[in-house]
Amino acid sequence: MFFCFIMVFVVAIDIILRKVSGNQISIKGSNEFSANFLCVVVMTAIPMFQAKRGHIWVNMFVDKFPTKFRSIWLGIIHVIECIVCVIFVYATVLKLQNFLSTGTTTDVLNMPKWPFIVVILIGFALYAIMLGIDAIMYFIEGAHGGAKGPRPDDGEAIA
């Protein structure tokens, strides 16, 4: 929340300054600042949402199948998502190596880019781990006949 507040505050003040001064006064690097810190907010939130089962699923067709099939299907989906996240982790490691070797900085504020890449790397790695654990849990659940009641992400659990 702190990062979100700071981002909104900086961008709002920048917009007010530009409108009042007719684009003569602005906060240098406000867009760059908010874009980089948006990465921090998103990449720390994704693993947390996965851990708390906060992601939204559209299950209107999958809900029609038996619970054993649904559990196995969710396990397969989580394995595919985990593989994609592992690919993202690998690509992020390559990008981090590039930024560290070249000393790349942001365009306006001249901040090093590598700390933001590290946050993205940690976020993707944690998300991949969470997806892998959830996939295993869904496969175990499917082997035991499926969920014994509604899941928190099932539509009937909300109603």
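Quantities reported herein were computed from a predicted structural model and do not represent experimental measurements. In this chain, numbering begins with 1 at the start of the sequence shown.
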In Å and rounded to the nearest 0.5 Å, what is the NE2 to NZ distance from H144 to K68? 10.0 Å
Atom CD1 in I13, atom OG in S26: separation rounded to 0.5 Å? 13.0 Å
Side chain to side chain contact (heavy atoms under 4.5 Å, CB included) filter on I77, not counting sequence neighbours, yields W57, W73, E81
Taking only residues two or more places apart in sequence, or in another chain, which ones meet S21 in a side-chain hydrogen bond (donor to acceptor under 3.5 Å, both in side chains)? none
Which pairs of donor and acceptor atoms, one on a side chain in residues 113-130, lie under 3.5 Å apart (sequence neighbours left out)?
none

Which residues pass the side-chain hydrogen bond (donor to acceptor under 3.5 Å, both in side chains) test with Q50, sequence neighbours left out? H78, D134
Taking V89 as the starting point, is it possible to reach V42 by hopping between hydrophobic residues whose side chains are less than 4.5 Å apart? yes
Should side-chain heavy atoms under 4.5 Å link Ile, Leu, Val, Met, Phe, Trp and Tyr, which residues sit in the same cluster as V8? none
Please enumerate all residues that pass side chain to side chain contact (heavy atoms under 4.5 Å, CB included) together with L109, with sequence neighbours excluded. E32, F33, T106, M111
With T105, which residues qualify under side-chain hydrogen bond (donor to acceptor under 3.5 Å, both in side chains), at least two apart? N110
All ring-ring contact (aromatic ring centres under 6.0 Å, His included) counterparts of Y90, not counting sequence neighbours: none
What about V10 and L38, same hydrophobic cluster or not, with Ile/Leu/Val/Met/Phe/Trp/Tyr joined at side-chain heavy-atom distances under 4.5 Å? yes
Any link between F5 and M43 through a network of hydrophobic side chains (Ile, Leu, Val, Met, Phe, Trp, Tyr) touching at under 4.5 Å? yes
For I80, check side chain to side chain contact (heavy atoms under 4.5 Å, CB included) against everything at least two apart and list the hits. I76
Can you name the ring-ring contact (aromatic ring centres under 6.0 Å, His included) partners of F139, sequence neighbours left out? none
Who are the side-chain hydrogen bond (donor to acceptor under 3.5 Å, both in side chains) partners of S30, not counting sequence neighbours? D14
State yes or no: do V41 and I6 share one hydrophobic cluster built from I, L, V, M, F, W and Y residues joined by side-chain heavy-atom distances below 4.5 Å, directly or via other members? yes
Spatial distance of atom CZ (R70) from atom OG1 (T67) [nearest 0.5 Å]: 6.5 Å
Quick check for you: to the nearest 0.5 Å, what is the distance between I27 atom CD1 and F9 atom CZ? 7.5 Å
Can you run down the side-chain hydrogen bond (donor to acceptor under 3.5 Å, both in side chains) pairs that involve residues 37-47, sequence neighbours left out, and say none if there aren't any? none
What closest approach, in Å, do E141 and S71 show between heavy atoms, and which atom pair accounts for it? OE2-OG, 2.6 Å
Would you compute the distance between atom CG of N36 and atom CG of N31 and round it to the nearest 0.5 angstrom? 11.0 Å
Report whether F37 and I46 are members of the same hydrophobic cluster (ILVMFWY, side-chain heavy atoms less than 4.5 Å apart, transitive linking). yes
